[in-house]
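As the structure is a prediction and not an experimental result, all values here were calculated from the model.
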Protein chains: 2
Amino acid sequence: MLNKQSPLPMYYQIEEDIKKRIAKQEFLPGESIPSERALTEMYDVSRMTVRQAVNNLVQEGLLYREKGKGTFIAEAKMEQSLSGLTSFTEDMKRRGLKPGNKLLSFEVKEAGSPLAKKLGMEADERVYEVRRVRLADDVPMALETTYIPYGLMPELTEEHIQQSFYAYVEALGFTIGRAEQAIEAALADEYQAEALEIPLHAALLGIERLTFTTDGRPFELVQSAYRADRYKFLAEIHRN
Amino acid sequence: MLNKQSPLPMYYQIEEDIKKRIAKQEFLPGESIPSERALTEMYDVSRMTVRQAVNNLVQEGLLYREKGKGTFIAEAKMEQSLSGLTSFTEDMKRRGLKPGNKLLSFEVKEAGSPLAKKLGMEADERVYEVRRVRLADDVPMALETTYIPYGLMPELTEEHIQQSFYAYVEALGFTIGRAEQAIEAALADEYQAEALEIPLHAALLGIERLTFTTDGRPFELVQSAYRADRYKFLAEIHRN
DNA sequence: TGTGTATGCTGGTATAGACAACTATATGCC
DNA sequence: GGCATATAGTTGTCTATACCAGCATACACA
């Protein structure tokens with residue numbers, strides 16, 4: 001069942017196996033999975049290892065525990081992984097749309113005061129400024145401006161941005177951690193209306209996202225304006 | 001340092017102690033905390049117990065680990081607990097505003113098909129429908145409609161809703177788990193414009209929230225329309 | 001009939017130890 | 001000086017075991 005020689009940790013293999021069984025409906029929502037002691041025998045590992053696997057699945061929301069009773073399958077989620085930090089591209093694919101891109105500009109300029117404050121840098125330091133129209137099934141979906149501190153990655157090119165910026169960031173040795181998002185509603189001005197092919201004063205969903213590495217350094221500020229008629233922002237939140 | 005007789009688990013006491021030290025700036029952002037083995041000696045517990053405490057703090061985002069190097073203090077967050085499931089009241093208090101309430105209606109009616117589907121009930125079952133204007137510093141902030149399955153809590157009154165609905169739900173023995181939120185932009189119609197004291201076709205932020213108990217049953221659907229000129233939705237998200 | 005109580009299940013907490021994988025520093029050699 | 005290598009320290013994974021606390025059921029007794 002498990003491969004003890006694999007470089008993948010045992011608890012991870014157990015997680016994957018349980019996930020697979022849930023997907024295959026071997027375990028159904030509301031039912032309990034085998035007890036920790038039973039899993040210990042099934043997988044021939046210690047109970048602590050089983051607990052580490054089950055804990056991770058509880059954390060993900062796939063399972064929930066009840067002391068004295070057992071561990072149960074949670075109800076299926078409305079959409080796969082509503083939460084989580086994803087790119088526009090991933091987001092659109094998940095919605096079953098074909099993501100696209102139109103680069104409007106790619107420049108390096110002085111940050112200026114408000115931007116510098118958000119990105120944790122000095123006002124006279126430089127940032128990349130990338131403007132794009134984001135397409136879904138070839139229709140304009142959002143107008144997006146991305147700011148990245150020049151000092152963090154002086155080798156950045158248009159190609160990196162157009163392919164997978166997050167992969168590039170991680171290749172540089174940074175680890176992407178969390179992001180803070182502010183979401184607001186607004187009305188389209190002339191420039192936005194033209195770029196997004198919508199009427200003047202149509203409703204827009206504005207999203208500003210500041211993304212941090214795991215050690216807490218901001219490395220990206222994205223300001224987006226989504227067409228309200230075509231986009232809904234989905235999020236999943238937890239108590240505590 | 002720790003109380004081994006306390007009913008509070010040791011790992012929890014260790015968590016609290018580390019939190020306190022971070023708050024007291026004994027440990028500063030970017031610095032490492034003592035190694036797991038050092039903490040083992042400091043608290044006179046086993047290393048697994050230390051790891052359980054540290055893991056929880058990593059989960060909360062207060063610390064981050066680097067293999068082979070150590071465990072470090074994360075940067076302070078922009079706002080306390082941006083994520084997390086909170087009520088309008090808590091939300092407004094955190095923003096430094098005085099929350100208020102104007103009840104428009106409180107009825108029990110048949111759910112109807114689309115609502116029933118979201119709440120996981122039959123179309124001919126009944127729901128509470130509560131309409132309110134939510135105030136912040138005595139100014140209208142949002143128009144809110146809440147739907148609750150009648151069968152789940154047949155004793156519900158206006159008072160419960162107006163005081164602390166979540167506290168009432170938990171007193172009934174339910175445990176509040178997660179919520180799914182959809183956020184979109186819209187323009188104010190006549191009814192909304194009047195209730196919120198804004199111009200017709202002003203921008204609104206629409207939030208629909210479906211809240212679940214830990215065993216996966218939906219117990220509340222809230223549809224809100226926030227004034228875009230006064231409200232921004234803040235969220236924190238994590239990679240994976 | 002009903003009501004304690006014993007029993008055996010569940011997850012929750014905790015110990016002590018082991019080895020692996022990774023990182024930084026110091027050491028010695030060329 | 002520069003470069004490989006040893007070494008000590010870190011987190012990551014895993015074992016085997018123990019006892020506690022909550023829950024459900026069966027059973028004996030009043």
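- Between A:Leu39 and A:Ile33, some side-chain heavy-atom pair lies under the 4.5 Å cut-off.
- In terms of modelled atom types and a separation under 3.5 Å, the side chain of B:Tyr43 and the main chain of B:Gln13 share no donor-acceptor contact.
- Contacts of A:Thr146 classified as side-chain hydrogen bond (donor to acceptor under 3.5 Å, both in side chains), with partners at least two apart in sequence or in another chain: none.
- Remark: A:Lys109 pairs with A:Glu107, A:Val127, A:Glu129 by the side-chain contact (heavy atoms from CB on, under 4.5 Å) rule, at least two apart or across chains.
- In this structure, B:Ser32 reaches neither bases nor backbone, as no heavy-atom distance under 4.0 Å exists between it and the strands shown.
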| said: Before you tell me yes or no, could you show the steps for A:Asn56 and A:Tyr12 under side-chain contact (heavy atoms from CB on, under 4.5 Å), namely the whole-Å CA-CA distance, both residues' side-chain angles and the distance that decides it to 0.1 Å? | reply: CA-CA 9 Å; A:Asn56 288 344; A:Tyr12 181 79; over 6 Å; no

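- Here the range on DNA chain D touched by chain A, meaning any atom under 4.0 Å from one of its heavy atoms, is D:dT13 to D:dA24.
- Looking at A:Glu220 and A:Tyr166, their side chains do bring a donor and an acceptor atom within 3.5 Å of each other.
- B:Phe165 and B:Phe219 have tilted rings, their planes meeting at an angle from 30° to 60° on a 0 to 90° scale.
- The number of heavy atoms from other shown groups lying within 6.0 Å of CD (B:Glu26) is above 12.
- Side-chain contact between A:Glu155 and A:Tyr168 is present, with at least one heavy-atom pair separated by less than 4.5 Å.
- The terminal axes of the helix from C:dT1-D:dA30 to C:dC30-D:dG1, fitted over 5 pairs per end, subtend an angle of 10° to the nearest 10°.
- By the side-chain hydrogen bond (donor to acceptor under 3.5 Å, both in side chains) test, B:Lys67 pairs with no residue at all, sequence neighbours left out.
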| query | When every nucleotide of nucleotides 12-17 of chain C is labelled 5' to 3' by its protein contacts under 4.0 Å (heavy atoms), B for base, S for sugar-phosphate only, - for none, what sequence of letters results? | reply | BBBBB-

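- Straight-line distance from the CG atom of A:Leu63 to the P atom of C:dT10: 16 Å, rounded to whole Å.
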